[in-house]
Amino acid sequence: MRKYFSFGGASKFLAVIAALGTFSFASKAESALSPNTVPKRDTAILLVAFGTSVPQAEKAYKNIDRLVKKSFPGIPVKWAYTSSIIRRKLAGQGKKIDSVEEALRKLYKEGFKKVAVQSLHVTNGQEYQKIVDTAKEFTSPEFGFKKIKVGDPMLLSYEDLKQFVDALYKTLPPERKPEDAVVLMGHGNEKGIGDLSYVAAAYEFNKTDKNIFVGTVEGAPSFDEMKAQLLTSKPKKAFLIPLMVVAGDHAINDMAGSEADSWKSILEKSNIKCVPFMHGLGENDQVMQIYIDHLKKVLESFK
Ligand code: CO
C-alpha cells in the first residue's frame with residue numbers, strides 16, 4: 001500500500017486519510033473530496049497492438065488513438081505493443097513503448113482502479129490470448145485493480161463479422177469495378193482457433209460479392225487456397241488489401257513487394273494486374289468502430 005500512496009497530490013491527501021486509521025479507499029476518497037477534486041483518473045484505457053516498426057504504418061495507430069479519445073473523452077488512453085522484437089527495435093531508435101505488463105504496472109502505480117484493455121488484434125489468436133493471460137495476473141490482490149477487462153478482438157462474434165464485412169465493403173477503393181477482384185490479406189495463425197475468423201470472413205464476403213477473396217500469410221485460408229479460388233473467377237485486375245490493422249511489413253513485402261514470392265508477383269504471373277492498397281484497417285474509421293463498440297461494452301460493464 002505504501003508504494004501506491006507515494007504518487008501524486010491527491011494520493012498524498014488520501015494517504016493522510018488512510019493514516020487516520022479508518023481506511024476504506026473507495027468510500028473515504030469519494031466522501032472526503034468534493035466532486036471537483038475527486039480524481040477522475042480512476043479509469044484508463046489501454047490499447048494493445050502487435051506493434052510496427054514501419055514509420056508510415058504508424059498512422060493507423062494514430063488514427064485509432066484519435067478515434068478512441070474522441071469516443072471516450074476524459075479517459076486517459078495508453079498504449080502497449082505485444083511484440084518484444086518490435087519494442088526492442090523501437091527502443092534502439094530511442095522510442096520506448098511499453099509491454100502490456102509494463103503498461104499495467106504503470107497504471108497501477110499512477111492510481112488507476114479500472115482498466116479497459118482493448119486488443120487491436122483481428123482474431124482470437126495467440127497474441128490476443130497472451131493479453132488476456134497478462135490482464136488476469138493483474139487481478140491478483142497484489143495489484144488490486146478494481147476492474148480490469150480485455151475487449152474482444154475485431155472478429156470474435158458473428159455480429160462483429162457482419163459489421164466488418166459491411167464496413168469494409170462500403171469503404172473499398174472507389175475505383176474498384178464489380179468485375180475487379182479484391183484480395184484481402186490476413187495474418188493468420190499457426191495454431192488455435194483464430195483462423196476460423198478468416199474462413200468465416202471469406203464465406204461472408206462471398207455472400208455479398210463473389211469477387212472478394214480472403215487469404216492469410218501464416219495460416220488459413222492459405223494463399224494457395226485463396227489463389228485457386230481467385231483464378232476460377234478469371235479476374236483481369238485485383239485490389240490487394242491488408243486485412244490487418246497496419247499496412248506494415250507483411251503488406252509492404254508479402255503482399256505488395258517486388259520479390260518473386262510476394263502475392264503481387266505471383267498473381268501478376270497469372271496475368272492479374274495487381275493494385276496494392278497500402279492502408280491498414282486502423283485507417284478505416286468505419287471498421288475501427290468495431291473496436292470502439294467492444295471498448296464501450298467493457299467500459300459500460302465498469303459502471
Ligand atoms: Co507476422
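In this text, all values refer to a predicted model and were calculated from it rather than measured experimentally. One-based numbering, in listed order, for ligands and for the atoms of each.
A side-chain N or O of Asp293 and one of Gln163 form a donor-acceptor pair less than 3.5 Å apart.
Evaluation of the salt bridge (Lys or Arg N to Asp or Glu O under 4.0 Å) rule for Lys191 yields no partner, not counting sequence neighbours.
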Original post:
Taking it one step at a time, do Asn63 and Asp285 satisfy side chain to side chain donor-acceptor pair (under 3.5 Å)?
Top reply: CA-CA 8 Å; Asn63 188 49; Asp285 292 9; 2.9 Å; yes

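Counting heavy atoms from C-beta outward, Lys237 and Ile272 have side chains that stay 4.5 Å or more apart.
With salt bridges taken as basic N to acidic carboxylate O contacts below 4.0 Å, one links Lys78 and Glu110. Ion pair Glu300/Lys303 not flagged as a salt bridge, since none of the NZ, NE, NH1 or NH2 atoms sits closer than 4.0 Å to an Asp/Glu carboxylate oxygen.
Listing protein N, O or S atoms at distances below 2.8 Å from the Co ion (ligand 1), with waters left out, gives His187 NE2, His250 NE2.
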